[in-house]
4 protein chains.
Amino acid sequence: MDDATPSRPGRRRSEDSRRAILAAAVELVGEHGYGPLTVEKIAARAGTGKQTIYRWWPTKADVVMEALVEKADLHIPVPDDGSLRADLRAFLEASVALGRTPQVVAILRALMAEAQLDEGFGGRFRDGFIESRRSALRTVLERAAGRGELPDGVSVDTLLDVVFGVIWYRVLTDRVMGADAVVDELVTLIAR
Amino acid sequence: MDDATPSRPGRRRSEDSRRAILAAAVELVGEHGYGPLTVEKIAARAGTGKQTIYRWWPTKADVVMEALVEKADLHIPVPDDGSLRADLRAFLEASVALGRTPQVVAILRALMAEAQLDEGFGGRFRDGFIESRRSALRTVLERAAGRGELPDGVSVDTLLDVVFGVIWYRVLTDRVMGADAVVDELVTLIAR
Amino acid sequence: MDDATPSRPGRRRSEDSRRAILAAAVELVGEHGYGPLTVEKIAARAGTGKQTIYRWWPTKADVVMEALVEKADLHIPVPDDGSLRADLRAFLEASVALGRTPQVVAILRALMAEAQLDEGFGGRFRDGFIESRRSALRTVLERAAGRGELPDGVSVDTLLDVVFGVIWYRVLTDRVMGADAVVDELVTLIAR
Amino acid sequence: MDDATPSRPGRRRSEDSRRAILAAAVELVGEHGYGPLTVEKIAARAGTGKQTIYRWWPTKADVVMEALVEKADLHIPVPDDGSLRADLRAFLEASVALGRTPQVVAILRALMAEAQLDEGFGGRFRDGFIESRRSALRTVLERAAGRGELPDGVSVDTLLDVVFGVIWYRVLTDRVMGADAVVDELVTLIAR
DNA sequence: GGCTAAACGAGACGGTACGTCCTGTCTTAAA
DNA sequence: TTTAAGACAGGACGTACCGTCTCGTTTAGCC
């Protein structure tokens, strides 16, 4: 996708700058949160010009989102242990673990907020993040559906809404996941 | 709180200005969304000074929240029809109806966004809005619990998370409620 | 002109800020010349916001011009000693004295340059500076014309061009006035 | 200087590019004036890279100056008709003719402006342009001095200042030459 | 013909200033 | 004392150019 036109004239995009910008953004969010984050500060910390950021990302939220996506630990593996109970619990445990990292939570909340305020970013956030998370869990649930483990009368899509809905709702209302039995209860509710 | 000291010297707070400010805020959100909303534009549209806004509301989000609360249609009544299926369905139908008013949806999304970015408003939003919605549904569910209609092994609080989680998740990811069978499916999942 | 509408609502223009801005501009030109002068630096030095500068002056050149005009020493008095030789010499000596102040010379050169590059400022510079200088000397020359002291066949306007032409030409080609006999020679040429 | 080392390896300077750059610069000054002229726009219009401009000219003003010098009509011939009146009138008429070409006037104003703002270019402009004009007229005036046609008590250099001073002063204050009797009057004043 | 070297177009880079917009505060005259 | 009006200090925005630096390509002289 990136190398479709491998030989254009002109200097190539600097991978160093790209990495420095993502790293600077993550550091700054970690230090002071997303609110006071500005393109100017990212550029200063990364040692780049502002234009270099504007050239490749439409908004600072896109920078943060790319940094988030690049975090390997986000790639919550799609579990396949043969039973919905086990797979769903594994998926939720991994999500809960992420949700306990304050930096990641701060970024998730900020990005979801930005997605509401900026329609353009909203679309990119859904396509680049929300949907990829749904498709991971959808794989798990469809396998379970094949085994007849899902409740009757509830579509896979609605179950996705239930799982991600609970996670996001608790993140956005500042009630951290995993401090109680919510994982067990969700598994109980869905995997009967 | 507003009429605690009815007889002070000096000019009284202008009810006209207050209404003009709330109306201007609602109009502007309706026209261009919440993102480009500024105190300056509210004041200009309302024909008031900026100071008059800052004097009575901590942030523009509080202005919008007050406008939202003033909409009477928000008062979704707590249904009590003797069965969880009926009560839950009534509650969800009412929510879905609200979620179909684009202006209301725009405001809900904006307020949830602002709650992420401004810690102070986040608290006021949870206390003044989120919790009041939860307590309404909690009444319904606790009645059902008394009748033994709730699934085993799932607390009322988690069921609240499921219902509101699904609603908010769909609102925030721009997938409007009620365009499909989600109400039926939620009732099926929870009220067995 | 400033007090035509003395009673509008709203805060009045701050005379402190105005003075601080003019002073900062003069200082900065004195320290590093006009080239590196920026609105940002003027604002920083003056302790004002940039907007306060942009509110009252169209360009930084207008700021510098106002500072120049405000210098009382610029008000070269219109001499009236009864003879053209004496009046013209007095006018030129005063101009030469000014032209020996490096700060003033730097400002004059910069403003004339800016007048070439920015058509809008060019007009304001002619109206606000060039013409006021011409009218001062025109008074002197017209008195002399009444006494028949001017050369035949040369209009007052052309004599103004000669006097100011020589001064500006020497300033702009970096050949300081007064290092030689140019004052004597101009008097000789014009007042015969 | 350009052909001092005729046989180096490597590609030779492209005459096409050089001409395209000079032409682009002249066109752009003609269209929008010198103020908004940038190296970037010259390169875009000429279809060259920016580097090709920076390789051969120190500043954009030098590009414009080279374009000006290349205009053959600049070579005002040094008249020699035996009388100062005739020679001076011929010189001034030629200058006035140039001063009526709006494009040339625009360039002259721009170069004089740049000479004020950029010390380096100021030197090159004086050496390469101002002085060559002075030396042309100096030849005329020194011939006249030999014939005793110059006013007493006024040096040739001051007379040069008078003639060029008037021309430049009128150009820079946007009062075009030749619309009035200024040529006649200057001849009257100097050649008595 | 192959080799080295310079100039070419294109365009990304770090950096600086721009002029605009908005924030939250302050100051005025009127109500 | 509140109001509308509006100026204030401050700070981020996104843009435009600067002058430099790669790129891959083209054009030359030399072996």
Side-chain angles (χ1 to χ4, degrees), chain A residues 6-14 16-18 20 36-41 43-44 46-56 58-60, chain B residues 8-14 16-18 20 36-44 46-56 58-60, chain C residues 6-14 16-18 20 36-41 43-44 46-56 58-60, chain D residues 6-14 16-18 20 36-44 46-56 58-60:
Chain A
S7 66
R8 274 185 307 150
R11 186 171 175 174
R12 283 205 196 76
R13 175 173 184 181
S14 159
D16 284 1
S17 291
R18 184 183 150 274
L37 184 69
T38 68
V39 174
E40 220 135 15
K41 285 177 194 154
T48 75
K50 283 201 294 174
Q51 193 62 34
T52 301
I53 298 179
Y54 284 113
R55 208 183 332 262
W56 301 109
T59 71
K60 66 184 173 179
Chain B
R8 272 181 305 156
R11 188 168 170 177
R12 279 201 200 79
R13 175 173 186 182
S14 159
D16 284 1
S17 291
R18 183 182 152 275
L37 184 70
T38 66
V39 172
E40 210 136 286
K41 285 176 192 158
I42 298 175
T48 74
K50 287 198 297 176
Q51 191 66 270
T52 304
I53 299 179
Y54 283 115
R55 214 187 322 265
W56 301 109
T59 72
K60 64 184 174 177
Chain C
S7 65
R8 275 184 307 152
R11 187 173 175 174
R12 285 209 192 75
R13 176 173 184 183
S14 159
D16 284 0
S17 291
R18 184 182 149 274
L37 184 69
T38 68
V39 173
E40 222 137 12
K41 285 176 195 154
T48 74
K50 284 201 293 175
Q51 192 63 34
T52 301
I53 298 180
Y54 283 113
R55 208 183 331 261
W56 301 109
T59 72
K60 65 183 172 176
Chain D
S7 63
R8 273 181 306 154
R11 188 173 175 174
R12 281 204 198 79
R13 175 173 184 183
S14 160
D16 284 2
S17 290
R18 183 182 151 276
L37 184 70
T38 66
V39 172
E40 214 137 327
K41 286 175 192 157
I42 297 174
T48 74
K50 285 199 296 175
Q51 191 66 270
T52 302
I53 298 179
Y54 284 114
R55 212 186 327 263
W56 302 108
T59 73
K60 66 184 173 176

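Heavy-atom basis, side chains included; hydrogens, waters and symmetry copies ignored. Chain letters run A, B, ... following the sequence lines, proteins first and then strands; every chain starts at 1.
- Phosphate proximity of dA9(F) to Thr52(C): present, with a side-chain N or O under 4.0 Å from OP1 or OP2.
- Put simply, Arg13(A) has no side-chain N or O that comes within less than 4.0 Å of OP1 or OP2 on dC13(E).
- In this model, the phosphate group of dA4(F) is approached by a side-chain N or O of Ser17(B) to a distance below 4.0 Å at OP1 or OP2.
- Contact check, Lys60(D) against dC17(F): no side-chain N or O comes under 4.0 Å of OP1 or OP2.
- The distance from atom CD of Glu40(B) to atom P of dT20(E) is 14 Å, rounded to the nearest whole Å.
- The side chain of Arg8(C) places no N or O atom within less than 4.0 Å of a non-bridging phosphate oxygen (OP1 or OP2) of dA29(E).
- Whole-Å rounding puts the Arg12(A) CZ to dC21(F) C1' distance at 14 Å.
- Of the two residues near DNA chain F, Gly10(A) and Trp56(C), the one whose nearest nucleotide lies more 5' is Trp56(C).
- A cation-pi arrangement is present between Arg13(C) and Trp56(C) under the rule of less than 6.0 angstrom and at most 45 degrees off the ring axis.
- Side-chain N/O atoms of Gln51(C) and base N/O atoms of dC8(F) include no donor-acceptor pair closer than 3.5 Å.
- Between Thr48(A) and Pro36(B), the one whose closest nucleotide on DNA chain E sits nearer the 5' end is Thr48(A).
- Atom C1' of nucleotide dT2(F) and atom OH of Tyr54(B) are separated by 18 Å, given to the nearest angstrom.
- Mapping Arg18(A) and Pro58(B) onto DNA chain E via the closest heavy atom, the residue that lands nearer the 5' end is Arg18(A).
- The 5' end of DNA chain F is approached more closely, in terms of each residue's nearest nucleotide, by Arg11(C) than by the other of Lys50(A) and Arg11(C).
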